[in-house]
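What follows is a short report on a single structure.
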Amino acid sequence: MQLHYSSMERPGLDPDRLRAALVAPNGPYAALDVVQETGSTNSDLADSARLRPSAASDLTVLTAELQTAGKGRLDRSWVAPERSSLFVSVLFRPVNAEGRPLPTSSYRWLSLLAALAMAESVAARTGVEARLKWPNDVMVDNRKLAGVLAQLVPFSDGSPPAAVVGTGLNVSLTDEDLPVPTATSLLMEYASTTDRNILLQDYLLALAEKYRAFCSVDGDPEAASDGQASLREQIMARLSTLGRDVRAQLPGGGVLTGRAVALAATGALVIVDGAGAPHTVSAADVVHLRAEPA
């Protein structure tokens, strides 16, 4: 499909509108800033938190119209025309209802939580049925729509670390704009809206709701909250990787091929190789080798 979009057809974000809907007292967020251009919203938010830990509030948002040095997994670059995508990072300092910090082991779920919030909000708002690809991609028919990257932010004052979770969503990219042929955008998937203000607001509200529920159960991915399924169950229901033959490129350079059969309680992927031996993979670049099972 040949689509052409000019910058005039890509309106900017409306900071006042977004703050009115999302920032306290009307919304769940502590602060939200929109910048015209930056290298990386993740790096900016993490650096700001490190420099001023006492001012780094839970649920602080930074988003940009243009990101020039964004990184995905394995240091892949993420580049898109101005105002064609959502580039948004959120700072988390998770505590439970009593104010006790969550165990840092629970932080590994934040990227999957963010991917789930994006997939669900996109599906509900645009009609594009987005699915998850382990560990943290949002896909449409095996094409990448969005990616998530999380990083830990340690503090020199001895307080528990924060986490910054960045999400990039392809909104109005055309086939000429795509960074790789295996990507897609909401425009190319005939979404019912490509209004980034609506998409960002929906995503951030869904993210905050899931995050608060996760904090309320002390970061336990297997605990249900307010009658809802556990976070792990919600993710598994939308995880298209399960039941597929996959190839996992491991951090040390090894390759594992087999069937993805489960999501472990740690968030790791369980892969059964050709000899029937299970392997628990906590970090890898995963390729789906066949179509999603019916």
Working to the nearest 0.5 angstrom, can you tell me the gap between [X] [atom1] and [Y] [atom2]?
{"X": "Arg244", "Y": "His288", "atom1": "CZ", "atom2": "NE2", "result": "5.0 Å"}
{"X": "Asn142", "Y": "Arg131", "atom1": "CG", "atom2": "CZ", "result": "11.5 Å"}
{"X": "Leu152", "Y": "Thr104", "atom1": "CG", "atom2": "OG1", "result": "7.0 Å"}

Between [Y] and [X], do the side chains contain a donor N or O and an acceptor N or O under 3.5 Å apart?
{"X": "Glu222", "Y": "Ser230", "value": "no"}
{"X": "Asp44", "Y": "Thr41", "value": "no"}
{"X": "Ser225", "Y": "Ser216", "value": "yes"}
{"X": "Asp157", "Y": "Ser159", "value": "yes"}

Same cluster for [X] and [Y] if Ile/Leu/Val/Met/Phe/Trp/Tyr side chains link at under 4.5 Å?
{"X": "Val164", "Y": "Phe214", "result": "no"}
{"X": "Leu231", "Y": "Met236", "result": "yes"}
{"X": "Val34", "Y": "Val61", "result": "yes"}
{"X": "Phe87", "Y": "Leu45", "result": "no"}

Exercise for review: Please check if the side chain of Thr60 supplies one atom and the backbone of Ser57 the other of a donor-acceptor pair under 3.5 Å.
Suggested key: yes
Point to revise | Qualifying residue, where the test is salt bridge (charged side-chain N to carboxylate O under 4.0 Å, His left out) with Glu65 and the options are Arg83, Arg10, Arg196 | key: Arg196
Practice item. Using the salt bridge (Lys or Arg N to Asp or Glu O under 4.0 Å) rule, collect all pairs that involve residues 21-35, keeping only residues at least two apart or in two chains. Key: Arg19-Asp33
Practice item. Please report the shortest heavy-atom distance between Ala56 and Phe155, naming the atom on each side. Key: CB-CZ, 4.5 Å
Check your understanding: Can you name the nearest heavy-atom pair linking Ala268 to Ser282, along with the distance?
Key -> CB-CA, 3.9 Å
Exercise for review: Would you list the pairs meeting ring-ring contact (aromatic ring centres under 6.0 Å, His included) in which at least one residue belongs to residues 89-146, sequence neighbours left out?
Suggested key: Phe92-Tyr211
Check your understanding: Does a salt bridge link Asp58 with Arg212, judged by any charged N lying under 4.0 Å from a carboxylate O?
Key -> yes
Review point. So, Arg100 and Asp218, do they make that salt bridge, N to O below 4.0 Å?
Key: yes
Check your understanding: Please walk me through it: do Glu129 and Arg238 pass salt bridge (charged side-chain N to carboxylate O under 4.0 Å, His left out)?
Key -> CA-CA 10 Å; Glu129 189 54 37; Arg238 199 170 279 267; 3.0 Å; yes
Practice item. Could I get the full list of side chain to side chain contact (heavy atoms under 4.5 Å, CB included) partners for Ala117, not counting sequence neighbours? Key: Tyr203, Ala206, Leu207, Lys210
